[in-house]
2 protein chains.
Amino acid sequence: MKSKKRVTIYDIAQRLNVTASTVSRALSNNGYVNEATKQLVLKTAAELNYKRNTLASNLRMGQTQTIGVVVPRINQNFFSNVIAGIEAITYQKGYNLIICQSDELHEKEVKCVNTLINQHVDCIVISVSADSYNYDHLQNVLDQGIRLIQFDRVAEELETLKVINDNEQASFEAICHLIGQGYKKIALLEGPQNLNIFRQRKIGYLRALEKFNILVDETIVVENAWTKELGAEATRKLLSLRTPPDAIFASTSDFSALGVLEVATAMGFKVPTQLGICGYSNEAFTEITSPSITTIDQFSVNMGTAVANLYFDELGNKDTSVTPKTISIKPELIVRASSSKKSQV
Amino acid sequence: MKSKKRVTIYDIAQRLNVTASTVSRALSNNGYVNEATKQLVLKTAAELNYKRNTLASNLRMGQTQTIGVVVPRINQNFFSNVIAGIEAITYQKGYNLIICQSDELHEKEVKCVNTLINQHVDCIVISVSADSYNYDHLQNVLDQGIRLIQFDRVAEELETLKVINDNEQASFEAICHLIGQGYKKIALLEGPQNLNIFRQRKIGYLRALEKFNILVDETIVVENAWTKELGAEATRKLLSLRTPPDAIFASTSDFSALGVLEVATAMGFKVPTQLGICGYSNEAFTEITSPSITTIDQFSVNMGTAVANLYFDELGNKDTSVTPKTISIKPELIVRASSSKKSQV
DNA sequence: TATTTTTCTGCAATCGATTGCATATTCAAA
DNA sequence: TTTGAATATGCAATCGATTGCAGAAAAATA
């Protein structure tokens, strides 16, 4: 029942007493074809409900008009937005998207990348998983002559096109803002330091402290606090210190910041008067918590369009090697109630 | 620079002085191959960094181990969760996912489906766009011998496998709950009625009213209020009525419910005492608004796994036609503060 | 030892679309 | 009318992997 034989160009050719070559030329608008013949072919193709077999075509042409995307989690806001951004552009160009998710696992990421290579995608777009410990698989992509674009979480040592956020600057500005609001002792919830984004955010934090001659207090810098639960746990400890911090920068995510807010409220700390909070990512919910949470917008959809445009502008059909290039998108600090001590007073 | 020639089975064959047939058999573990030869092939393949060309393989084999997914919006929570669910299963089975987004546009949806057909995906999984006005393109999928599974928003008249939520029942229960809490005049914010899900939710609403002998008041049934803005606008009107409703069921989405909440609060209506609110979808933010919003959880990730499992269990490699079958997932009413009048008093 | 069975490998066709080259036809310029 | 260019179409190879068939070699059985 299933495999009703698909219609091919040979079927059309036979019916019109021409060869497949002619049909192919008519359909692809390539080379000389008599206008009348062409119309006939088109008409017959429509009648027979012909659909081009992209597999065959791609095999012959040596390219697939397909871009493979590997992200840690498809259903994480930031990534699904980036994907949507990529899609907006690739769709216009008639490109397809194969989406893989690494689940933050290096092993799975490697498998995904290999599958994409096997699929002969024209380009692989990736944001690496949190536990990446080497980038051989990405080097491999390059070796196979496949374009590679990294975004957000990137392996800095690989010479590829990259689209990143200026995490350091954003983080720096966030801390400056907190200091400007009068907070004196600012804790940092940091993410896995093997990821560039978290390293950069920490650097921004340190740079801001330095600027204001504040000594770094390692006891209020908490590692790996990047979920709501971990953020909550860290906060419980921080606020139980003899001299607790008066602000917490959840540099990992807004979820973490939410954990901070909930625990702080539960422990009777008034936000923002007794405790300032700043998150990262501008998740939708940050606007509607009470108080609303100060955070950093990453322009995720734009990041996606930037990635796609980069491909078409820089790599597209060019056959030459490409000079590595990094596009940096400036995130925006969004000041909300959770860190507005001055305006509150 | 770019097109470093990829290694093929012929390269391996040449090096070992055998034919491609042997190499193919060795690599695919198919048919007779001398163990020693096989090991040699495997070793050489690894050395040369050989990657199978899936295009060629798929063309020859007539199937792609790929499933195409079409959703209205990739970066909409519900859909990205379903996709994540699908991915979890398909990944285990070694299948690939091509993701398309219809942007709620019928025309684009048709194009996406056609692309997927051209790509010879083994199965298309779709949730139709809001402005679908016919389903020829889906019939076409079937005609091409491609499996089709619909989920959530389905074209009921098409005889395919379907995975849906029991929207009617969920809606019914939500209204019963509101009535049970003492709300007497319950407004409905409804979605586009060409979509099954919104029709069903309305039916559930009507059925619940009927059960309690409440007459339907058409003036408090608002069409197409499925964004936050539209929900807000509708609420502004509803609450300005001479006798405003004392509860609003935003059957379209939690965003709409959020709009309701914001406007109600702004207009000085106390939630839940003066106005009960119930949303739909259990978006993350519903838990952290104040008051938190009563809503309905759709088990979106499960829906994805159900879809994928359905494919492998029912369609997989079977060559027969399939009896249409509908899997209905029971959503769960999550009662929160926004509708808990009794417990408040 | 003769015969059958099993294992191994190669040949060549196949999947469907594309394209360089060759041939044939048309049309226009000389 | 002759010549050259432009137009139309066909032939056959190609992309890379798979597989039915056939022959050869090895192993098992009579």
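In what follows, chains are A, B, ... by sequence order, proteins preceding strands, each numbered from 1.
Proximity note for B:Y32 (side chain, C-beta onward) versus D:dG10, C:dT7, C:dA17: the nearest is C:dT7. Distances from the side chain of A:A20 to the nucleotides C:dT18, D:dG20, D:dT9 place C:dT18 closest. Each of C:dG16, D:dA8, C:dT9 was ranked by its minimum atom distance to the side chain of A:N53; first place goes to C:dG16. Considering only side-chain atoms of B:S21, the nucleotide from C:dT18, D:dG10, C:dC11 that sits closest is C:dC11. Considering only the side chain of B:A56, D:dG16 comes nearest among C:dC8, C:dC11, D:dG16. Ranking C:dA17, C:dT19, C:dT9 by closeness to the B:T22 side chain, first place goes to C:dT9. Of the listed nucleotides (D:dG16, C:dA17, C:dG10), D:dG16 has the atom at the smallest distance from the side chain of B:Y10.
Within the nucleic acid shown, A:T54 has no heavy atom closer than 4.0 Å to any nucleic acid atom.
For the side chain to side chain donor-acceptor pair (under 3.5 Å) criterion with A:K51, the lone passing option out of B:N114, B:T115, B:N118 is B:N114. For the pairing with A:Q150, the side chain to side chain donor-acceptor pair (under 3.5 Å) check across A:T326, A:N196, A:T160 returns one residue only, A:T160.
Each of B:V18 and B:M61 was assigned the nucleotide of DNA chain C with the nearest heavy atom; the assignment lying further toward the 5' end belongs to B:V18.
With rounding to whole Å, B:Q39 atom CD is found 16 Å from C:dC8 atom C1'. In this entry the distance linking CG of A:N34 with C1' of D:dG10 reads 15 Å, nearest Å. Note: CZ (B:R25) to P (C:dT9) measures 9 Å, nearest angstrom. Taking atom CG on B:L59 and atom C1' on C:dC15, their separation rounds to 4 Å, with Å as the unit.
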